[in-house]
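Single-structure report; data block below.
The sequence lines fix the lettering, A, B, ..., with proteins before strands; numbering per chain opens at 1.
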Amino acid sequence: MTVGVKPASARRLAGGSPTLLRGLPRLPWIWAAAGCVALLLCCAIGVLAGPVHIGLGTVARALLAPLPWFGTASSIDPGQANILWSLRFPRVVLGVLVGGTLAVAGAAYQGVFRNPLADPYLLGAAAGANLGATLAIAFAPGTSVSGINIVPLAAFVGAGAAVAGAYALGRSVTGLRSATGLILAGVAIATFFNSIQSYVQQTQTSSIRMVYSWILGRLVTAGWDDVLLVLPYVALSVAVIFLHRRLLDALTLGEDEITSLGISTRRIRLIVVVAATLGTAAVVAVGGTIAFVGIIIPHTIRLLVGRSYRVVIPLSVLFGAAFLVLADTAARTIVAPAELPIGVITAFLGAPFFIVVMRSTRGAPL
Amino acid sequence: MSSVVLTSVSVGYEGRPVVRDLDLTVASGEWLSLIGPNGAGKTTILRAIARLVPFQGDIVIGGHPVTGLSSRNLARGIAMLVQEPQMPAGMTVAQYVLLGRSPHLGYLGRESSHDRRVVKDVLRRLALDELAARSLDKLSGGERQRAAIARALAQGAPVLLIDEPTTSLDVGRQQSVLELIDQLRHEQELTVIAAMHELTLAGQYSDRLALLVEGRLVATGTAAQVLTEPTISAHYGAEVRVIDMNGSGTAVVPVRR
């Protein structure tokens, strides 16, 4: 085998546009369109499903009514408008925010830790949120701070504290040179927080049902307050992760190779972990610890579309949001008028679907 | 402008000295190969030059101490080809080579048309243009090695550090890779510092050799000066015959004891 450098004349003869470079990952428009359609469809199903029948026309009129040049408000039944604006719309919007954030945070964690099993709760966010919520439910039920229920606030603080603790511990032990040190610190903090939570649960048995209900995840109390509470964090989190798509691709190289390209792994890891944790803590605070979304959505996209984060990140937002809205719709309709925890649905729907995708793309690298 | 000067360089791992008080000068455009038995410190020296390990002493590239350069500026001056490059499954050759432009981008920057033009040119020069859209995990060993060289070249750095470039390649591919690097070196006036295991190839392609033993420099010079039977026998503990191939370099052939 002889491979030489092509002479300049041959290079000129090779022709083609000098900047058109084949083989670069681009977001396939068909998948982007499919994601948008899936999201719209799932949102429509989520808004239409419920014990009170409300038609698509009414939904459309209700959405247009606040706009000044559409004088359709009077043609909508006030009761139906109230159901839509107070219950269904905020719930669907919250589902979009929670699902999109969990999926993109999962993809980001998998990227910075180079671990396909990493999920948004890797550094103890779930354990911290669970402990915060458990303490609030057990010792301050029904309390509000500035009009906001204390449970999501306590969960947010708990999630942030757990991840900050894991980060500080990991940094003190390995100086963040290795992702493994950080992951082990997350495991240690999560175990510690879980033990405290179990103790509180055992000593406060009257609240155990509420605690489990929260832990398994639910959007049942979703309102615009919740949406407004999480929106800034979610927007910031998703935007920061989105901007790191190229660098997340670079992190798939070896440590020496990354460093010799002038890229600081520590800096990327710190910024992306903070962003992903911020978003995760916010959505966990209002939705509970909804499992599986952060793993199955990014991996399904990797298997079906491609592994580049330039593709995985945007599609995770769309399909994660669609998936969670659909799961929430199933959670509140399958055993209506009762409701199933959404975490049960995400695992029940997600696991078999993921197995089917894995089997159908056998041999594709994860 | 791309000379490399090491002055009193020492490197240790966990208190154990690996490179000791090394003085070495590599002229701009020169190919210097580091040779020596296993554990001599060849790879460690390359890693110290690339600032991948802490070191004592001074390392100066083109007149600039590496310790005073930002990570990005260092990466613009030095490209490193590691012994076993990690080739992420599913990543295309074009995407992989384009990562080589990272030192020329801002933290959150995106590749410009100039970066894509550079990569396209590098791919064409290395006869990889037909493989641009192919996934790295579907390349042969030789193609992977060329992709790794392409990524290093895309950095546009005047100094190329290469760690065992021919490991796990058959003799034909070893020759091809080294010919390619030599050709690129002359075309682009690269300074090449390579850790080499294969003595015959090191002697044939390098301008000078530096023989290291237990982290110390024991001999430097041309292949004819360094690759002698007594020297190799003394430092490798090997029985060899060194054959002068009448203008085609020096061959080092192990013989049975």
Side-chain angles (χ1 to χ4, degrees), chain A residues 1-8 10-26 111 114 239-240 242-247 249-268 271 302-303 305-312 363-366, chain B residues 47 50-52 70-76 78-80 82 84-86 88-95 98-100 102-103 105 107-111 113-114 116-117 119-121 123-127 129 131-134 137 142 146 151 155 161 172-173 175-177 179-180 183-184 187:
Chain A
M1 186 192 78
T2 303
V3 177
V5 181
K6 287 187 181 177
R11 274 183 263 140
R12 279 195 298 276
L13 288 171
S17 163
T19 56
L20 183 64
L21 182 58
R22 289 185 308 120
L24 292 184
R26 289 189 175 84
R114 301 177 203 169
V240 170
F242 196 81
L243 289 170
H244 279 78
R245 290 167 297 157
R246 183 183 70 82
L247 292 169
D249 276 339
L251 289 190
T252 56
L253 300 178
E255 198 78 40
D256 279 357
E257 292 159 280
I258 297 167
T259 308
S260 64
L261 285 172
I263 296 171
S264 167
T265 314
R266 291 182 200 187
R267 185 178 176 190
I268 298 170
I271 294 173
R302 284 188 188 100
L303 289 167
V305 189
R307 294 172 55 85
S308 170
Y309 283 92
R310 299 180 199 231
V311 172
V312 172
L366 265 179
Chain B
R47 298 189 78 227
R51 225 174 57 191
L52 295 172
S70 68
S71 301
R72 273 176 63 201
N73 281 338
L74 183 66
R76 289 178 186 185
I78 300 173
M80 179 151 178
V82 300
E84 289 181 5
Q86 200 156 314
M91 184 180 280
T92 65
V93 171
Q95 190 189 357
L98 193 60
L99 285 173
S102 296
L105 308 177
Y107 179 69
L108 294 175
R110 297 188 63 186
E111 302 89 352
S113 56
H114 171 71
R116 286 193 292 276
R117 200 178 302 127
V119 168
K120 192 170 180 181
D121 189 49
L123 290 174
R124 205 177 292 153
R125 293 159 72 88
L126 271 68
D129 39 0
L131 304 176
R134 189 171 294 180
D137 49 314
R146 269 191 288 149
R151 207 210 69 219
Q155 267 179 256
L161 308 178
R173 289 196 171 86
Q175 207 167 26
S176 296
V177 165
E179 288 286 350
L180 178 61
Q183 208 169 343
L184 292 165
E187 266 205 8

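Listed by chain and residue number, B:S102 satisfy the side chain to side chain donor-acceptor pair (under 3.5 Å) test with A:R246 (two or more places apart in sequence, or in another chain). Scored by the side-chain contact (heavy atoms from CB on, under 4.5 Å) test, B:Y107 finds A:H244, A:L247, A:R267, A:I268, A:I271 as partners (sequence neighbours excluded).
Considering only heavy atoms from C-beta on, B:P88 stays 4.5 Å or farther from A:R307 through its side chain.
Summarising the geometry of B:A133 relative to A:R22, their closest heavy-atom pair is CB-NH1, 4.1 Å, with the distance given to 0.1 Å. Pairing each heavy atom of A:R310 with each of B:E111, the nearest pair is NH2-OE2, 2.9 Å. When all heavy atoms of A:G262 and B:A75 are compared, the closest pair comes out as N-CB, 3.5 Å.
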For this session: Could you check A:L261 against B:R151 for side-chain contact (heavy atoms from CB on, under 4.5 Å), going step by step and ending with a plain yes or no?
Result: CA-CA 10 Å; A:L261 285 172; B:R151 207 210 69 219; 4.2 Å; yes
For this session: Before giving the answer on side-chain contact (heavy atoms from CB on, under 4.5 Å), spell out for A:L24 and B:R116 the whole-Å C-alpha distance, their side-chain angles and the decisive distance to 0.1 Å.
Result: CA-CA 10 Å; A:L24 292 184; B:R116 286 193 292 276; 3.8 Å; yes
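Residue with the most contacts toward chain B among A:I258, A:D249, A:L253: A:L253 (heavy-atom pairs, distance under 4.5 Å). Comparing B:R76, B:R47, B:M80 by how many heavy-atom pairs each has under 4.5 Å with chain A, the most go to B:R47.
Within the 4.5 angstrom heavy-atom criterion, no atom of B:V93 approaches chain A. For B:Q155, the part sitting under 4.5 Å from any heavy atom of chain A is the side chain, from C-beta outward, and nothing else. Looking at B:R134, there are no atoms closer than 4.5 Å to chain A (heavy atoms on both sides), in backbone or side chain. Looking at B:L161, there are no atoms closer than 4.5 Å to chain A (heavy atoms on both sides), in backbone or side chain. Within the 4.5 angstrom heavy-atom criterion, no atom of B:L74 approaches chain A.
For the atom pair B:E84 CD and A:E257 CD, the distance stands at 10.5 Å (nearest 0.5 Å). The distance from the CG atom of A:D256 to the CD atom of B:Q86 is 10.5 Å, given to the nearest 0.5 Å.
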